[in-house]
**Student:** 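So that we are looking at the same thing, I have put the structure below in structure tokens.
Chain naming here is simple, since letters A, B, ... match the order of the sequence lines and numbering starts at 1 in each.
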Amino acid sequence: MIIFKGPDVEQKILEQKTVEQRSGEFEQRLEKLKGLRAAGVEPYPNDFKPGTTAGAVSGEFSSLSKEELAANPRTVSVAGRIMAHRDFGKASFVRIQDRSGSIQAYIKKDILGDAAFNVFRLCDVGDIIGVEGPLFRTRTDELTIEAKNLRLLSKGLSPLPEKWHGLKDVEARYRQRYLDLMVNPEVKDVFLKRSRIVRFIREFLVSRDYIEVETPMLHPIAGGAAAKPFKTRHNALDMDMYMRIAPELYLKRLIVAGLERVFEINRNFRNEGVSTQHNPEFTMLEFYEAYATFEDLINLTEEMISKLVLELCGSMKIAYQRTEIDFTPPWTRISVKDAILKYSNASGDIFTNKEKAMQFAQGLGLQIPKELSHGKVITEIFEKTAEHMFIQPTFCTHYPIEVSPLARKNAQNPEIVDRFELLVMGKEIANAFSELNDPVDQKERFLKQQEERAHGDLEAHEMDEDYVRALEYGMPPTAGQGIGIDRLVMLLTDSPSIRDVILFPALRR
RNA sequence: GAGGCGCUAGCUCAGUCGGUAGAGCAUCUGCCUUUUAAGCAGGUGGCCCCGGGUUCGAGUCCCGGGCGCCUCACCA
């Protein structure tokens, strides 16, 4: 980190020939910086306050003609980064970009005066400037600020990526996301949409009397999901801790507490592979509602997401990687069992006979260890044969109990639970169930998970005695749901990789 | 973790059979007071990702390594 304190330091940087190879342009800009200071111009002042934004100007005055602007001048001031520069010697056009968009400014020596014009001559593409002056329209009818005043607000030393091609190198785009956002407008659009998505969900739940809470990210026990945690250490407490893999068990403690409707939008951390679908830290929405069942959440989800899609995209139909997806409710509902029967030639007895299920799974080419439970075999079969078939929004319901240790048993069939996953483009977008609130049953399920850990399943849920203790005080019948925000954003922004919707995705080094 | 592809100027990219490192944009100098990737003329700029090897000679061929992307496996 280099801190600029004044000319001495700048001279030192110029003289540095070690460590980092600087471009020639970096040195040229440093020389300009020195020239500015020599002329008594502070290159990093903080006393300029823009009166408006580029976007507001173009919006507000878009209808005014050249003649109207000339007859009745409107003076504005904006600040932003110079993104383009067309120089005519004693006059120049610059494109100034701020958070709202961009606007052109005309810098004319006669109008600006010698002193400010000399400052401008030391400005480059990438510098931040403030401009004030009346609006006019050029010969080509472009709304333009005629600079009467101009201030350099921040001198840039490193040159920007090229104006026409932008920054394409994927690695540079992720590592230097600030450049990506600066020069590639469509990237900024994705993150603006991400912000709108999160805000919509937050407002939707708040309007239904939910409260937003924050529960620990550092857990003594990594519970609430089947995943490998990151391990860390608290020095003062002298104890190992885990970055949370899910907030579920804490949120349900709050249901026990009587908060009845809670949600949290926050990061989960899973120490697993990185891919176009997986980042080690990702954002999860979880919400829990007392006196609701998983079927109530099906309705809620259908309403929330379809309204979100309509508001965000202006239509219930969107394209994801050239496939049309129609979010118009109601969405298909199908049980795991029916899905397998529909999309494979399995016979009904694989659901009652584990051996038949094993045989069938092996016939599909699945490598199934002998000790795998019947329910896990069924789940494997489902994922192999059916899951990827659900391109349009589909609720897949009633998963096997062995893969759902926190979910309530189905009243008719104790082999399955009252749970659904929302699948779109063959991928899981949401996972929800009626919560298990029977403390004795919950304890047994944890014990079963412990057995599986002992048999080498490192992702089996850990026993959480305090969570069971909470249930022993009585939890109202409740339904809860998790939605992977990153994947939802991918879907709604037509992004093929999760890295495209995470500002700073995990990279090596 | 396995396989495939990539890494050359600040950015986007060429680089033939192994023979002195190229273009456009940016930058610098000059001209130009309504341009739209402004224009014209002339310049500067390189650890060809790193390290070995083969060769008279390697950006190019071989081996090892780094980083990234894609596919697969695990996972949400």
**Student:** Between Glu435(A) and Tyr288(A), is there a side-chain donor-acceptor contact under 3.5 Å, judged purely by atom types and distance?
**Tutor:**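 Absent: no donor and acceptor within the cut-off.
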**Student:** For Ser58(A), give me all partners under side-chain contact (heavy atoms from CB on, under 4.5 Å), at least two apart in sequence or on another chain.
**Tutor:**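 Once residues adjacent in sequence are excluded, Ser58(A) has no partner under the side-chain contact (heavy atoms from CB on, under 4.5 Å) criterion.
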**Student:** Please examine the side chains of Phe390(A) and Trp331(A), heavy atoms only from C-beta on, and report whether any two atoms are closer than 4.5 Å.
**Tutor:** no
**Student:** Tell which nucleotide pairs with U71(B), taking only Watson-Crick or G-U wobble pairs whose two distances are both under 3.5 angstrom.
**Tutor:** A2(B)
**Student:** Enumerate the ring-ring contact (aromatic ring centres under 6.0 Å, His included) contacts for residues 133-156 of chain A, please, sequence neighbours excluded, ordered by first and then second residue.
**Tutor:**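 ring-ring contact (aromatic ring centres under 6.0 Å, His included) check on residues 133-156 of chain A returns Tyr106(A)-Phe136(A).
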**Student:** Give one of base, sugar-phosphate or nothing for Gly166(A), where a contact means two heavy atoms less than 4.0 Å apart.
**Tutor:** sugar-phosphate
**Student:** Going by atom type alone, with no hydrogens or angles, which donor-acceptor pairs under 3.5 Å involve a side-chain atom of residues 361-371 of chain A and a protein atom two or more places apart or on another chain?
**Tutor:**
none

**Student:** Using atom C1' in both nucleotides, what's the gap between C49(B) and C5(B) to the nearest angstrom?
**Tutor:** 16 Å
**Student:** Under 4.0 Å between a Lys/Arg side-chain N and an Asp/Glu carboxylate O for Arg95(A) and Glu142(A)?
**Tutor:**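 The answer is yes: the pair qualifies as a salt bridge.
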**Student:** Taking N or O atoms only and anything under 3.5 Å, show me the protein contacts with nucleotides 67-70 of chain B, one pair per line.
**Tutor:**
from, atom 1, to, atom 2, distance (Å)
C67(B), O3', Arg175(A), NH2, 3.0
C67(B), O2', Glu171(A), OE1, 3.4
C67(B), O2', Glu171(A), OE2, 2.1
C67(B), O2', Arg175(A), NH2, 3.3
G68(B), OP1, Arg508(A), N, 2.5
G68(B), OP2, Arg508(A), NE, 3.0
G68(B), O4', Glu171(A), OE1, 3.0
C69(B), OP1, Arg499(A), NE, 2.9
C70(B), OP2, Arg499(A), NH1, 2.9

**Student:** Using a heavy-atom cut-off of under 4.0 Å over every strand shown, decide if Glu142(A) touches base, sugar-phosphate, or nothing.
**Tutor:** base
**Student:** Hey, does the side-chain of Arg86(A) have a donor or acceptor N/O within less than 3.5 Å of a partner on the base of U35(B)?
**Tutor:** yes
**Student:** Output the residues of residues 65-85 of chain A in contact with RNA chain B, where contact means a heavy atom of the residue under 4.0 Å from an atom of the strand; sort by number or write none.
**Tutor:** none
**Student:** For nucleotides 21-25 of chain B, which of its nitrogen or oxygen atoms have a protein nitrogen or oxygen under 3.5 Å away, and what is each distance?
**Tutor:**
from, atom 1, to, atom 2, distance (Å)
C25(B), O2', Glu162(A), OE2, 3.4

**Student:** Between Asn279(A) and Lys168(A), which has a closest nucleotide on RNA chain B that is more 5'?
**Tutor:** Lys168(A)
**Student:** Over all strands shown, is Gly89(A) touching base, sugar-phosphate only, or nothing at heavy-atom distances under 4.0 angstrom?
**Tutor:**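 Base contact.
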